[in-house]
Amino acid sequence: MKLPMLAVSAAAMIFCGSAAAAPKAKVQPAPVPPPYAGAYQPQGVDEIGLWRDADEDERKLANSALLIRDEKLNAYVRSALCTAVGADRCASARIYVVRVPAFNASMTPNGTMQVFSGLLLRARSEAELAAVLGHEFGHFERRHTLAQYKAARTGTDLLSWAAVLTSMSGSQAKYSSFDNLQLSVLGGLAKFGRDQEREADLIGLGYLNGSSLRPSAASRVWRNLILEREASALERGLRKPDFDRVAFFASHPANGERADYLYALAAPNDENKEDGADRYEAVMEKWLPLFLDDQIKLNDFGGSDFIIKRLAEAGWTATLWRARGDLYRLRGNQRDLMNAADFYGKAVELDPSLAEAQRGLGLSLLKTGRSSEGVVALRRYLELKPDAADASMIGMLVQKEAK
């Protein structure tokens with residue numbers, strides 16, 4: 001049974017489907033979207049209610065303890081969106097950068113855009129960040145959340161009535177038919193979500209193709225995410241994920257398919273455009289230690305190590321050596337502690353004033369039986385950061401080990 005609202009633009013579906021099936025074939029680049037028609041205004045009681053819910057969620061978000069209020073960072077994220085989608089579209093979005101260590105961004109029907117710190121950690125350039133933000137704006141411009149809401153309500157209404165009629169019949173055959181209907185409806189909703197994602201990908205690539213930023217960055221985002229998840233699975237002893245297959249109930253296209261068709265849809269003048277990597281690195285320098293700390297606390301050793309090493313491709317810094325030391329020390333195997341001491345030592349060589357590296361070095365050395373060297377490092381930590389929250393504890397540890 002075909003549910004109402006369970007279709008996106010036929011042209012977009014055919015175009016994206018052909019790109020996914022044959023990513024290396026010659027296809028037309030994603031077209032630049034037409035002039036912006038302005039933000040959609042809710043119509044009717046249900047839509048107005050949905051907008052009010054979004055307004056209330058935004059009010060809570062604006063007062064959240066997780067919100068990063070740094071003016072420079074917020075201005076930069078906004079500029080990346082504006083560069084991608086243009087000033088007229090960008091004016092419809094209110095951006096909130098949130099301290100959540102996950103790869104994600106989202107946009108609600110009322111214009112609220114959330115950008116997670118985990119996305120900022122994983123992006124490597126302004127173009128990669130803009131690719132994700134443009135994708136989310138594509139959802140907003142095509143009113144996908146509203147369409148999902150209507151489709152889900154139609155589907156659940158259908159299932160509710162079908163459940164009532166099935167219970168009244170008392171027939172085993174009717175119960176079997178209801179199960180099939182339920183699978184059909186839920187599968188249809190999942191496919192609807194995947195089609196929306198492909199359409200948002202198409203629109204997002206159109207934004208980038210018309211901007212000064214490099215559109216091939218969109219494909220790189222997904223390829224890096226695939227590599228990260230493979231590294232995470234390998235460390236956990238899990239089977240390598242298959243990124244070219246889509247489960248029946250998946251709400252997004254397969255990452256492998258996505259990376260391929262995004263590359264195919266990029267404009268051919270890609271190399272003549274900029275990726276803004278230097279600008280991105282400069283803005284992120286202040287936030288990198290904090291975002292790395294949050295990532296390491298997720299207890300995903302393989303994924304975290306992949307992110308650190310990927311960041312280090314441009315050159316190892318004291319911040320990255322310190323983060324890798326933290327990652328190995330927190331896992332806590334004896335060989336990890338020896339590696340951690342080595343990593344912290346390299347961080348200290350590059351920046352002797354990095355207090356956290358001195359602390360990690362001292363604790364790792366103590367755990368590996370090098371007490372005298374560990375005490376020296378911990379004393380240096382206390383000199384650099386006498387007001388640290390753990391200063392009393394570290395001081396007591398130094399006194400104990402120095403005896």
Taking all non-hydrogen atoms of both residues into account, name the closest pair between [X] and [Y] and its distance.
X: Leu133; Y: Ala105; value: CD2-CB, 4.3 Å
X: Phe140; Y: Pro109; value: CE1-O, 3.3 Å
X: Gly206; Y: Pro33; value: C-CD, 3.6 Å
X: Ile394; Y: Arg359; value: CD1-NE, 4.4 Å
X: Leu354; Y: Ala318; value: CD2-O, 3.7 Å
X: Val348; Y: Ala357; value: CG2-CB, 4.0 Å

Check whether any side-chain heavy atom of [X] lies under 4.5 Å from a side-chain heavy atom of [Y], and answer yes or no.
X: Leu292; Y: Thr319; answer: yes
X: Leu288; Y: Thr317; answer: no
X: Arg279; Y: Glu274; answer: yes
X: Gln358; Y: Leu378; answer: no
X: Leu265; Y: Pro29; answer: no
X: Tyr263; Y: Leu205; answer: no
X: Asn110; Y: Asp53; answer: no

Check ion pair [X]-[Y] (N to O, under 4.0 angstrom):
X: Glu235; Y: Arg331; answer: yes
X: Asp293; Y: Lys297; answer: no
X: Asp351; Y: Arg322; answer: no
X: Glu349; Y: Lys346; answer: no

Report the distance from atom [atom1] of [X] to atom [atom2] of [Y], rounding to the nearest 0.5 Å.
X: Ser125; Y: Arg214; atom1: OG; atom2: CZ; value: 8.0 Å
X: Gln295; Y: Leu121; atom1: CD; atom2: CG; value: 6.0 Å
X: Glu126; Y: Tyr280; atom1: CD; atom2: OH; value: 10.0 Å
X: Thr368; Y: Met338; atom1: OG1; atom2: CE; value: 7.0 Å
X: Leu397; Y: Leu363; atom1: CG; atom2: CG; value: 6.5 Å
X: Trp287; Y: Arg99; atom1: CH2; atom2: CZ; value: 8.5 Å

Would you please say whether a donor-acceptor pair under 3.5 Å links the side chains of [X] and [Y]?
X: Tyr96; Y: Glu58; result: yes
X: Tyr344; Y: Asp326; result: yes
X: Asn224; Y: Arg124; result: no
X: Glu197; Y: His139; result: yes
X: Arg198; Y: Tyr261; result: no
X: Tyr381; Y: Asp390; result: yes

Give a yes or no on whether [X] atom [atom1] has more than 12 heavy-atom contacts from other residues, nucleotides or ligands under 6.0 Å away.
X: Glu71; atom1: CD; value: no
X: Asn63; atom1: CG; value: yes
X: Arg239; atom1: CZ; value: no

Strictly distance-based, threshold 3.5 Å: is any side-chain N or O of [X] a donor or acceptor partner for the main-chain N or O of [Y]?
X: Asn333; Y: Arg335; value: no
X: Lys273; Y: Leu208; value: yes
X: Ser371; Y: Leu366; value: no
X: Glu401; Y: Ser372; value: no
X: Ser79; Y: Tyr76; value: yes
X: Asp336; Y: Leu327; value: no
X: Arg370; Y: Ser364; value: no
X: Asn269; Y: Asn272; value: no
X: Gln114; Y: Thr112; value: no
X: Asn209; Y: Ala30; value: yes

Decide yes or no on ring-ring contact (aromatic ring centres under 6.0 Å, His included) for Tyr328 and Phe301, but give the supporting numbers first. CA-CA 8 Å; Tyr328 276 72; Phe301 185 93; 5.0 Å; yes
Show your working on side-chain contact (heavy atoms from CB on, under 4.5 Å) between Ile68 and Phe291 and close with a plain yes or no. CA-CA 12 Å; Ile68 298 177; Phe291 294 167; 3.8 Å; yes
Sorted by chain and residue number, the side chain to side chain contact (heavy atoms under 4.5 Å, CB included) partners of Glu285 (sequence neighbours excluded) come out as none
Could you work out, with side chain to side chain contact (heavy atoms under 4.5 Å, CB included) as the rule, every residue matching Ser64, not counting sequence neighbours? Leu66
In this structure, which one of Arg329, Arg380, Lys385 forms a salt bridge (Lys or Arg N to Asp or Glu O under 4.0 Å) with Glu356? Lys385
Does the side-chain contact (heavy atoms from CB on, under 4.5 Å) test come out yes or no for Asp260 and Arg223, once each step is laid out? CA-CA 9 Å; Asp260 286 342; Arg223 295 195 188 282; 3.0 Å; yes
Using a 6.0 Å distance limit plus a 45 degree cone around the ring axis, check whether Arg122 lies over the aromatic ring of Phe103. no
Worked verdict on Asn339 versus Arg324 for side-chain contact (heavy atoms from CB on, under 4.5 Å): CA-CA 9 Å; Asn339 285 326; Arg324 202 172 189 208; over 6 Å; no
Tested for side chain to side chain contact (heavy atoms under 4.5 Å, CB included) against Leu119, the lone hit among Val221, Val97, Val77, Val132 is Val132
For the residue pair Phe343 and Trp321, does the interplanar ring angle fall in the parallel (under 30°), tilted (30 to 60°) or perpendicular (over 60°) class? parallel
Apply side-chain contact (heavy atoms from CB on, under 4.5 Å) to the pair Arg310 and Leu227, showing each step before the final yes or no. CA-CA 10 Å; Arg310 178 66 62 147; Leu227 293 173; 3.1 Å; yes
